[in-house]
Participant: 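Right, I'll just put the structure down here and ask away after.
What you see below is based on every heavy atom in this structure, not just the backbone, and it leaves out hydrogens, waters and symmetry mates.
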Amino acid sequence: AITAFKNSEYGLRLNNAEVVTAGNVEFINHYVRQATRSKEVTFFSRVFGRGLDFVCYDKTVMARGGVAVIQTFFSEELAEEIQIKGRTCRQGEKGTYKMVLLA
């Protein structure tokens with residue numbers, strides 16, 4: 001699904017779209033820092049919804065409302081959904097969360 005999105009008309013307009021899976025976890029800190037910079041799009045799989053702190057130091061991102069997290073799957077547990085929502089506004093910072101599901 002992520003590959004199809006990246007190859008879609010909209011996905012091709014993204015300059016720097018990264019896909020992070022369990023296979024490239026050794027570079028997770030790099031991807032988390034990169035994901036909070038302006039004009040960056042990073043796709044993280046469900047396994048990364050817990051335990052990561054997305055701290056944003058990019059003033060442009062913060063001026064535009066903070067880090068945005070879009071969840072594209074239904075959480076089986078409410079606790080998981082709450083954890084993912086929490087990735088958006090860490091330590092009192094702004095951020096947004098949306099869940100987008102396709103049937």
Participant: Please go through L78's hydrophobic cluster and name the other residues, only I, L, V, M, F, W, Y counting, with side-chain heavy atoms under 4.5 Å joining them.
Facilitator: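 I82, which link up through side-chain heavy atoms under 4.5 Å apart, make up the rest of the cluster.
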
Participant: Verify ring-ring contact (aromatic ring centres under 6.0 Å, His included) between Y31 and F54, making sure each step is shown before the conclusion.
Facilitator: CA-CA 10 Å; Y31 290 118; F54 287 74; over 10 Å; no

Participant: Measuring only between side-chain heavy atoms, which start at C-beta, is F43 closer than 4.5 Å to T72?
Facilitator: no

Participant: Indicate yes or no: does E9 engage R13 in a salt bridge with an N to O separation below 4.0 Å.
Facilitator: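 Looking at R13 together with E9, the answer is no, because their closest N to O distance does not fall below 4.0 Å.
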
Participant: To the nearest 0.5 Å, how far apart are NZ in K39 and CG in D58?
Facilitator: 10.5 Å

Participant: If you measure from CD on Q34 to CG on N29, what distance do you get to the nearest 0.5 Å?
Facilitator: 12.5 Å

Participant: Mind checking whether F74 and L101 have side chains closer than 4.5 Å, heavy atoms only?
Facilitator: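 When only atoms from C-beta onward are counted, L101 and F74 do touch, with a gap below 4.5 Å.
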
Participant: Show me the donor-acceptor pairs, under 3.5 Å and distance only, between side chains in residues 60-71 and residues at least two apart or in other chains.
Facilitator:
| from | atom 1 | to | atom 2 | distance (Å) |
| --- | --- | --- | --- | --- |
| Q71 | OE1 | Y97 | OH | 2.6 |
| Q71 | NE2 | F73 | O | 2.8 |
| Q71 | NE2 | S75 | OG | 2.8 |

Participant: May I ask you to test the V20-T42 pair for a side-chain heavy-atom distance under 4.5 Å?
Facilitator: yes

Participant: Could you grab the distance from atom CD of E76 to atom CD of E81, nearest 0.5 Å is fine?
Facilitator: 12.5 Å

Participant: Would the number of heavy atoms belonging to other residues, nucleotides or ligands and lying under 6.0 Å from CD of E26 be above 12?
Facilitator: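 Above 12, so yes.
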
